[in-house]
Amino acid sequence: MDGHRRRHIHKHNRFRHLIPAISAISGAILLLYFFLSFLAPSPDHIHHFRQRTHFDDHGIEDDTPKGSPIFKVPGSSKIIRDRNLWSTSTSKFYFGCSNASSQFPKSQSVTRPNRYLLIDTSGGLNQQRTGITDAVVAARILNATLVVPKLDKKSFWKDASTFSEIFDVDWFISNLSKDVKIIKDLPRKGGRKWSPYSTRVPRKCDEECYHIRVLPLFSKKRAVQLSKFDYRLANELKSDFQKLRCRVNYHALKFTSPIVKMGQTLVNRMRNMSQHFVALHLRFEPDMLAFSGCYYGGGEKEIKELGKIRKRWKTLNVSDPEKERRQGRCPLTPEEVGLMLRALGYDENVHVYVASGEVYGGAHMLAPLRALFPNIHSKDTLATKQELQPFSPFSSRMAALDFMVCDESDVFVTNNNGNMAKILAGRRRYFGHKVTIRPNAKKLARLFLEREKMTWQELSSRVAAAQVGFMGEPNEGRPGRGEFHENPTSCICEKPDVKVKTPQKEFVHVDVDVDVDDDDDDDEEDEEEDGIVSNIQYLFNDTNVDDDAHLMSEENELEELLSD
């Protein structure tokens, strides 16, 4: 009996000694758990990225995938460490060069007396900017005096601003005086205004085309007026004409002092908040989405709303919205643009300036982008209503403010391939190859549609690989592809005696097995048509569609919509 009691007491004592050890181990495990919980991303932080919603008449229906997906956006996105986020790797080897050659005579020696060219531009601010630039070159080809171009006041944008209210007209005239004689108004004849001969030239008309179609008209009348002057000059011209294009676009076209002052104020306010900033031309307005014919998961409400807008264009052919999206012909959503930037290494603390009109879906559609980048700004948040009042009634002047901020940004991101994107891409190449990101929509759209099936690390590597060649590096793309305004190769010179590294080799930091070339055997034209231009290909060919009045009306409105 005593032996049994002693054994019981001995076991009790051993158990009593184990209690402190068990408590210590449990405490350590508990502390480790809390530590790991602190480091892990908050579920609320990633909620926006995992959630997909449908819009209908009954509100918002959440169809978030159940379970525990492997895709999670980390608090920090510094995955790619082999690339400077704020500059292109080989930009120091190139510089903008647009001086005329010694074989390009001064305007005084070639301009014919009593030969005047008048131009009516078309579209929004940036489409008109291309028309103004090309008008100067057309006048030089014809050895004519150019009358300051008239801006379009009847287009989709409905802006009554004159040339001198947006651009510094005196600077424009004096800066180009050696290249083309420019006057503000057509001279009077016997005290009366001349009545110019009005016509239109085909799209992408070259030097010979102007000599054949326009030059003989000056023998009938001393003044010739070219209407709807946009994309009426060939993409490829002699080198001196191309360099003249650059002198006009990058040096002679300056905004007026009020626009420059307000634009610089916005830039300074962005700089005061952060050393670097990203400018995003989101272009996610209802009209643009309706035109694209794409679908974004908004249910019957989206189908009805965008379908109603789409009825304006009878020639618009939308057969398979899902195919359009997978082929990269749809704008990325605000969330997808944010995911692309985070995958490329831009941290959540980066300040982002959004240049955009009304965003379809409003605050709800912007919420995932704000979750990715909380520091989002726009004209309306950076400036007061009183400061913007002189500009807000005029769409072109407001667009000019966005243009200035995007131009001055360290990184410019475009969500479509319209005129503003093209002009800024070319301008940023000319002034030092500043980082200009154009989403490879075809590959990115497919990646984002499948993102729930992969880890963040895998998605980041795939996005980085897909974006090679779309980051504003020198020598991107294939020779002869794209508009001159987007890639002014004749005005980009390489510094002598410098061996340039291939930028693509330095870009991707791959941690996983990456294969982003799936389905690359699709038609080559799919690779060419980035953005949402598939429904408007006929607008940019070499034929003249001016004889078809109905098609002209459709053409006008569609181009005006795309102009910014």
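All values below were derived from every heavy atom in this structure, side-chain atoms included, with hydrogens, water molecules and symmetry-related copies excluded.
A cation-pi arrangement, defined by a distance under 6.0 Å to the six-membered ring centre and an angle within 45 degrees of its axis, is absent between Arg427 and Tyr430. Both the sub-6.0 Å distance and the 45° axial angle are satisfied by Arg140 relative to the ring of Phe104.
Distance check: Ile141 CD1 to His211 NE2 gives 6.5 Å after rounding to the nearest 0.5 Å. Going from atom CH2 of Trp86 over to atom NE2 of His276 covers 6.5 Å, rounded to the nearest 0.5 Å. Atom CG of Leu289 is separated from atom SG of Cys330 by 9.0 Å, given to the nearest 0.5 angstrom. Residue Arg438 holds its CZ atom at 13.5 Å from CG of Leu424, rounded to the nearest 0.5 Å. Once rounded to the nearest 0.5 Å, the distance linking CG of Leu372 with CG of Leu339 reads 5.0 Å. How far OG1 of Thr333 is from CG of Leu369: 9.0 Å, rounded to the nearest 0.5 Å.
The backbone N or O of Val405 lies less than 3.5 Å from no partner atom in the side chain of Glu408, so there is not a single donor-acceptor pair. Arg247 contributes no side-chain N or O that, together with a main-chain N or O of His251, makes up a donor-acceptor pair within less than 3.5 Å. Distance alone, capped at 3.5 Å, is enough to place a donor-acceptor pair between the Arg115 side chain and the Leu142 backbone. Proximity of a side-chain donor or acceptor of Arg232 to a complementary backbone N or O of Val201 within less than 3.5 Å is detected. Looking at Ser274, its side chain never comes within 3.5 Å of a backbone N or O of Phe277 through a donor-acceptor pair. Judged by distance alone, with hydrogens and angles left aside, the side-chain atoms of Asp120 form no donor-acceptor pair with the main-chain N or O of Lys150 at under 3.5 Å. At least one donor-acceptor pair closer than 3.5 Å links the side chain of Thr265 to the backbone N or O of Lys261. In terms of modelled atom types and a separation under 3.5 Å, the side chain of Glu476 and the main chain of Met471 share a donor-acceptor contact. Side-chain atoms of Arg428 never come within 3.5 Å of backbone atoms of His433 as a donor-acceptor pair (strictly under, hydrogens ignored). Tyr346 places a side-chain N or O within donor-acceptor distance of the main-chain N or O of Leu85, the cut-off being under 3.5 Å.
Looking at Met273 and His377, their side chains come closer than 4.5 Å, going by heavy atoms from C-beta outward.
With 3.5 Å as the limit, one finds no donor-acceptor pair spanning the side chains of Tyr360 and Glu302. Side-chain contact check for Thr133 and Arg245: no donor-acceptor pair (N or O, by modelled atom type) lies under 3.5 Å. No hydrogens or angles considered: nothing links the side chains of Tyr231 and Asp134 as a donor-acceptor pair under 3.5 Å. Residues Ser161 and Arg397 have side chains that bring a donor and an acceptor to within less than 3.5 angstrom of each other. In this model, no donor atom of one side chain and acceptor atom of the other lie less than 3.5 Å apart for Asp152 and Gln128. When only modelled atom types and interatomic distance are considered, Ser107 and Asp179 share no side-chain donor-acceptor pair under 3.5 Å. For Gln264 and Asn268, the side-chain atoms include at least one donor-acceptor pair closer than 3.5 Å.
Ring centers of Phe172 and Phe163: under 6.0 Å apart, within the cut-off. In this structure, the ring of Phe255 has its center less than 6.0 angstrom from the ring center of Phe167.
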| request: Check step by step if side-chain contact (heavy atoms from CB on, under 4.5 Å) holds for Lys181 and Leu176. | output: CA-CA 8 Å; Lys181 183 179 178 181; Leu176 294 169; over 6 Å; no

| query | Leu186 and Leu118: side-chain contact (heavy atoms from CB on, under 4.5 Å), yes or no, with the steps? | reply | CA-CA 8 Å; Leu186 190 65; Leu118 294 86; 4.1 Å; yes

| request: List the steps, then state whether side-chain contact (heavy atoms from CB on, under 4.5 Å) holds for Asp240 with Gln242. | output: CA-CA 5 Å; Asp240 268 321; Gln242 298 289 58; over 6 Å; no

| field | Candidate pair Glu285 and Arg283, rule salt bridge (charged side-chain N to carboxylate O under 4.0 Å, His left out), full reasoning | value | CA-CA 6 Å; Glu285 292 91 343; Arg283 205 66 174 95; 2.9 Å; yes

| Could you walk me through whether Asp230 and Gln127 pass the side chain to side chain donor-acceptor pair (under 3.5 Å) check? | CA-CA 7 Å; Asp230 53 351; Gln127 186 167 327; 2.6 Å; yes

| request: Before giving the answer on side-chain contact (heavy atoms from CB on, under 4.5 Å), spell out for Phe373 and Leu341 the whole-Å C-alpha distance, their side-chain angles and the decisive distance to 0.1 Å. | output: CA-CA 10 Å; Phe373 293 99; Leu341 286 172; 3.7 Å; yes

| Step-by-step side chain to side chain donor-acceptor pair (under 3.5 Å) determination, Asn249 to Arg129 | CA-CA 8 Å; Asn249 204 354; Arg129 189 180 184 114; 2.8 Å; yes

| task | Before giving the answer on disulfide bond (SG atoms under 2.5 Å apart), spell out for Cys97 and Cys491 the whole-Å C-alpha distance, their side-chain angles and the decisive distance to 0.1 Å. | result | CA-CA 5 Å; Cys97 53; Cys491 303; over 6 Å; no

| task | Quick one: do Glu165 and Thr162 satisfy side chain to side chain donor-acceptor pair (under 3.5 Å)? Show the steps, please. | result | CA-CA 5 Å; Glu165 289 172 323; Thr162 63; 3.3 Å; yes

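Of all heavy-atom pairs spanning Ser396 and Leu125, the tightest one is O-CD2, 3.5 Å. Between Ala421 and Thr414, the shortest heavy-atom distance links the atoms CB-OG1, 3.0 Å. Considering every non-hydrogen atom in both Leu151 and Ile132, the closest pair reads CD2-CD1, 4.0 Å. Nearest heavy atom pair, residue Thr121 against residue Gly131, reads CG2-C, 4.5 Å. Nearest heavy-atom pair across Lys434 and Thr88 is C-CG2, 4.4 Å. Nearest approach of Leu332 to Pro439, heavy atoms of both residues: CD1-CB, 3.7 Å.
Aromatic ring orientation, Tyr296 versus Phe284: perpendicular (interplanar angle above 60°, classes split at 30° and 60°).
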